[in-house]
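Below you'll find the structure, written out as structure tokens, and then a few comments.
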Amino acid sequence: MPMTYSDLIADVRKSIATVSLEEIKRRLDEKVPMVLVDVREKEETRAGFIPGAIIVPRGFLEMQIEQKITDKNAPVVLYCAGGTRSALAAKTLMDLGYTKVESANPGFVRWKDLGFPMEKAPELTDAQRDRYSRHLLLPEVGEAGQAKLLGSKVLLLGAGGLGSPAALYLAAAGVGTLGLVDGDVVDASNLQRQILHATSRVGMPKVDSAESTIRDLNPDVKVVKYQERVNSSNVERIFKDYDVIVDGCDNFPTRYLVNDASVWMKKPVVHGSIFRFDGQVTTFHPAAGGPCYRCLYPEPPPPHLAPSCQEAGVLGILPGVIGVIQATEAIKLLLGKGAPLVGRLVTYDSLRMKFGELKLRRDKSCPVCGDNPTIKEYIDYEGFCSVDLG
Ligand SMILES: [Zn+2]
């Protein structure tokens, strides 16, 4: 005769070990090693879960548990809302060869009533879950990573050739705050490469034009506008709130100021530069062991040797490639995933369609990040052209 549901549950309960909520709380407080597994549905866990628990809904248990708990002798405590699903899950884990399995009795509903500690997953709205669904499918991003991006702040120096593609992709990715520093207005000759802007906005400040594009692309993103040039008196005010600096400026005074400020304020700078058909990207982050810009070029060249102030030609698509690599690096730094371009310079030759990589080393005698720094105050270098090659 087939079993009824109550027979089945009664059988399961006899064959598994249970543990009280008070005992789980004691183990948490005393940091007793255990793997807590929440087997409720994803929707149920949104209102909170026991701190440190991993979430494996009952329906995915058999498929996922061996990836999540590789040691079959690890002490595992399962819980659900009331204690039934976790009892069934405990039986399954025992069948799969796990040796130290317990089921909480009762479950999370009572845990909450008791006022025991809870953790909450960062909340995304339904619209955000839809917008970022392709990110949520990546375990390296997921809801927690997406929430991190939404809480992150990236400063873009320049809303030009490099800043345009970087800003567009960072906005699309849901980086919650984008700071834009650019003192210029949109010029028709920018539109060959500066894809944030539009013909209808020629003459408008670039920061305003950029803001309108970004707002239309993704209303989750807050744009903070700085319609000014970075100098020694404003650099710390502008930099202080940001997690990552994306540098698309190509003039010496700014480059050295940005470097010195970022070293002192311990902010990573994703640096990009372009010239004609060639581009380069690296991440300056001495706090992570890499060099700073002055490790490579301690002082700017004397004005008569500096590159000519004539505007240089540039293939319009080139900053697209380099700016998108910069945005990729910024996202990786924000998520803490992958290997950043710290101590590495990626080179790109669009005519030969070749990428290369050079090692960059930190210089212990660097005047800013070295062991005995000689530069301790901002220097406003003068006498250079400030043509933004981007
Ligand atoms: Zn240095």
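Atoms within a ligand are numbered from 1 in the order they appear, just like the ligands themselves.
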Under the criterion side-chain contact (heavy atoms from CB on, under 4.5 Å), which of I50, L21, V37, N105 is the partner of Y79?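 Among the candidates, only I50 passes.
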Summary of ring pair (Phe, Tyr, Trp, His ring centres under 6.0 Å) pairs that have at least one residue in residues 115-139, sequence neighbours excluded: W111-F116
Partner set under side-chain contact (heavy atoms from CB on, under 4.5 Å) for K91, not counting sequence neighbours: V12, S15, I16, D95
Taking the six-membered ring for Trp and the full ring for Phe, Tyr or His, determine whether the centres of Y381 and F252 are under 6.0 Å apart. no
Joining Ile, Leu, Val, Met, Phe, Trp and Tyr whenever any side-chain heavy atoms lie under 4.5 Å apart, the cluster holding M63 also takes in F60
Do the ring planes of H271 and Y293 sit parallel (below 30°), tilted (30 to 60°) or perpendicular (above 60°)? tilted
Counting only protein atoms, how many N/O/S atoms are less than 2.8 Å away from the Zn ion (ligand 1)? 4
